[in-house]
K.L.:
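Dumping the structure here so I can ask a few things about it.
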Amino acid sequence: MEMRDQAKVKELSDRDLNTIVMLPQHLLCLKCLQGGGKAEFMNRYCLSEKLKIIQENNDVHVTLQAAFDEAGSKTPLYFMQTKEERKRDLDVLQKLGLVPGDTRTARDLLSRVEERIPTLEGICTYDSVYEDVWTQCPLACKGFYEKSGPITALRPPEEMKKDKVSSCREIDKADRLVLRPHHLLCTICFIGSDRNDIPLEEDNLYEVWVKIRENPDIPILITEGPGDCMVCPPCHAFKPERGICVASCHLRDRKKDLDTMLRLGLSPGDELPARELVARIYRSIPTTKGICGYDTDTAPEWTTCQSVPGKTYEKGLKRGVFSGALHEEMINLSRR
Ligand code: SF4
Ligand code: SF4
Ligand code: SF4
C-alpha cells in the first residue's frame with residue numbers, strides 16, 4: 001500500500017462508530033460523580049457507564065442533546081425535563097459556546113468545562129429568594145464538583161520518552177524527511193523562539209531543523225496530517241495507534257496544512273529538496289497571518305496560535321534555517 005493510502009486509513013474518523021449522546025449538564029454531573037456525589041438520576045441516565053466509556057476512551061465523540069434544537073424549537077426532551085434541567089443545559093451550552101446537536105470529543109468538551117465552568121453557581125445553585133419555586137440540586141453545595149480530579153489524561157510520559165528516542169533515531173538515520181506542511185512553518189517559529197538551542201521533549205522540531213541545516217538537499221516528503229509526520233511521535237497529543245492529533249488545535253492544523261500547501265504550490269505526496277522548500281517559504285510566506293492567525297477568532301476551534309502576536313515566525317526567518325551564503329540567498333528571495 002502507498003504511504004499516502006496508509007495515512008488515509010491511519011487518520012480515519014471513528015465518529016460514525018464511536019459516539020455517545022449526553023445532556024450538556026451531565027458533563028458537569030460526571031465531575032460530581034467522580035468527586036463522590038451520588039443521586040438517583042445518575043442511574044437513570046447511566047452516568048457511571050458514560051464516565052467509564054469516557055475514561056477508557058477520552059476521544060469518544062459526544063453529541064449534546066437538549067430540550068430545544070439549535071433553532072430553539074422544542075424537542076421531545078422538553079416534555080420530560082423540569083425547568084431547572086432545561087436551564088442547566090442551556091447554561092452549560094452558553095458557557096461552552098455550543099448549541100444543541102453539536103458533537104465534540106469528550107476530551108475537548110471536558111477541557112472547555114475545566115476552563116470555563118469553575119463553579120456551579122448560577123447553574124445548579126440559585127441566588128434567589130424564591131427558593132420554593134426554583135429547586136437547587138441537592139449535590140450542588142457539597143463540594144463534589146470542586147473535589148473531582150481530571151477525567152481525561154495525557155499520554156503516559158514514559159511512552160512519550162520512548163517515542164522521542166526512537167523517532168529521533170529515525171530522523172538521524174533518514175535520507176528523507178516526512179513532514180506535514182505547516183510543520184515547515186513551525187520549524188521557522190522554533191528557530192525564532194527564545195529556546196532554539198535545546199531539543200524539546202514533546203516534538204522533533206529541533207531535530208528536523210538540525211537535519212535540514214546540515215543537509216540542505218535532503219528530500220522532504222509532504223504528508224497531509226500528523227499520521228506520518230516526523231515531528232509528532234513524542235507529542236502528548238499524538239495517538240500513535242490511530243495516527244491522530246488530539247490537541248485542541250487538531251482541526252485548525254488541518255486548515256494550516258492546506259493553506260501552507262496553497263501558498264507553497266504543493267500537493268500531498270510531493271517530494272522536494274529542503275533547500276527548495278525553504279526558498280518557497282522565504283518567497284511566499286513572510287508572515288503566518290492568514291495561516292495560523294485570524295482577523296477574528298470565531299470559535300475555540302479557530303483561535304490564533306499564541307506565537308503569532310509575538311512575531312516568532314518573522315524572527316525565525318530573520319535568524320535563518322541555514323547560515324552564511326545560503327541564508328543570504330534566502331533573505332534575497334524574500335526581498336524580491
Ligand atoms: S450539582 Fe449540578 S452538576 Fe452536580 S450532580 Fe447536581 S446537577 Fe449535576
Ligand atoms: S504560528 Fe504557531 S502554528 Fe503557526 S507556524 Fe508558528 S508555531 Fe506553528
Ligand atoms: S500538537 Fe498535534 S500536530 Fe502538533 S506536534 Fe503534537 S501531535 Fe503533532
Side-chain angles (χ1 to χ4, degrees), residues 11 23-42 45 47 82 84-85 87-89 91-92 113 117 119-125 135-148 154-155 160 163 167 179-193 200 202-205 208 223 225-240 242-257 259-260 281 285 287-294 303-317:
E11 297 173 11
L23 300 179
Q25 63 195 284
H26 286 167
L27 294 168
L28 315 190
C29 302
L30 289 183
K31 279 172 64 64
C32 278
L33 176 64
Q34 204 217 29
K38 287 198 176 31
E40 186 278 326
F41 79 85
M42 292 176 171
Y45 286 101
L47 290 195
T82 63
E84 288 83 355
E85 287 170 320
K87 177 172 151 48
R88 269 200 292 274
D89 277 342
D91 282 338
V92 172
V113 167
I117 311 187
T119 79
L120 299 175
E121 265 169 51
I123 304 175
C124 308
T125 66
T135 315
Q136 304 192 152
C137 174
L139 303 186
C141 299
K142 303 258 172 69
F144 297 121
Y145 184 82
E146 294 74 12
K147 208 165 40 180
S148 72
L154 296 173
R155 256 174 109 194
M160 287 167 60
D163 286 349
S167 58
L179 299 177
R180 66 182 304 186
H182 89 270
H183 278 164
L184 291 166
L185 311 188
C186 294
T187 308
I188 308 279
C189 274
F190 176 79
I191 296 168
S193 71
L200 300 175
E202 48 177 66
D203 67 46
N204 290 333
L205 289 172
V208 162
T223 180
D228 291 299
C229 178
M230 287 175 152
V231 169
C232 297
C235 181
H236 68 86
F238 188 58
K239 271 198 140 179
R242 291 186 55 207
I244 57 165
C245 168
V246 298
S248 56
C249 53
H250 40 38
L251 184 61
R252 61 181 180 270
D253 279 0
R254 290 287 185 180
K255 181 165 148 55
K256 285 179 212 164
D257 276 352
D259 283 330
T260 306
I281 288 172
I285 312 187
T287 155
T288 54
K289 278 188 199 143
I291 300 177
C292 312
Y294 311 109
T303 54
T304 294
C305 174
Q306 55 193 13
S307 296
V308 174
K311 296 188 183 288
T312 320
Y313 176 84
E314 289 83 339
K315 284 180 204 159
L317 284 181

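Counting begins at 1 with the first residue of the sequence. As the structure lists them, so they are numbered: ligands from 1, and atoms in each ligand from 1.
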K.L.:
Work out whether the distance between some heavy atom of R88 and some atom of ligand 1 is less than 4.0 Å.
P.N.:
yes
K.L.:
Using the rule side chain to side chain donor-acceptor pair (under 3.5 Å), only one of D257, T187, T260 pairs with H182; which is it?
P.N.:
D257
K.L.:
Is L120 touching ligand 1 with its side chain, its backbone, both, or neither, if touching means heavy atoms under 4.0 Å apart?
P.N.:
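Under 4.0 Å from ligand 1, L120 contributes side-chain atoms alone.
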K.L.:
Any idea which part of C137 is under 4.0 Å from ligand 1, heavy-atom wise: side chain, backbone, both or neither?
P.N.:
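It is the side chain that touches ligand 1; the backbone stays farther off.
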K.L.:
Counting only heavy atoms closer than 4.0 Å, does ligand 3 sit against the backbone of H236, its side chain, both, or neither?
P.N.:
neither
K.L.:
Give the numbers and elements of all ligand 2 atoms closer than 4.0 Å to a heavy atom of V308.
P.N.:
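Selected atoms, number and element: 1 (S).
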K.L.:
Does even one non-hydrogen atom of E202 get within less than 4.0 Å of ligand 3?
P.N.:
no
K.L.:
Identify, by atom number and element, the atoms of ligand 2 in contact range of C292, meaning under 4.0 Å from any of its heavy atoms.
P.N.:
1 (S), 3 (S), 4 (Fe), 5 (S)
K.L.:
For atom 4 (Fe) of ligand 3, which candidate among H183, R155, K239, H250 provides the closest heavy atom?
P.N.:
H183
K.L.:
For atom 3 (S) of ligand 3, find the nearest protein heavy atom and state the residue, atom name and distance (0.1 Å precision).
P.N.:
R180 NH1, 3.3 Å
K.L.:
Give the residue, atom name and distance (to 0.1 Å) of the protein heavy atom nearest atom 2 (Fe) of ligand 3.
P.N.:
C245 SG, 2.3 Å
K.L.:
Atom 6 (Fe) of ligand 3: which protein heavy atom is closest, and how many Å away?
P.N.:
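Nearest neighbour among protein heavy atoms for atom 6 (Fe) of ligand 3, to 0.1 Å: C235 SG, 2.3 Å.
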K.L.:
Which one holds for Q306 and ligand 2: side chain close, backbone close, both close, or neither close, with close meaning a heavy atom under 4.0 Å?
P.N.:
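The answer is neither; Q306 stays 4.0 Å or more away.
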K.L.:
Closer than 2.8 Å to atom 6 (Fe) of ligand 2, do we get an N, O or S atom from C189, backbone or side chain?
P.N.:
yes
K.L.:
Within ligand 1, which atoms have a heavy atom of L28 less than 4.0 Å away?
P.N.:
3 (S)
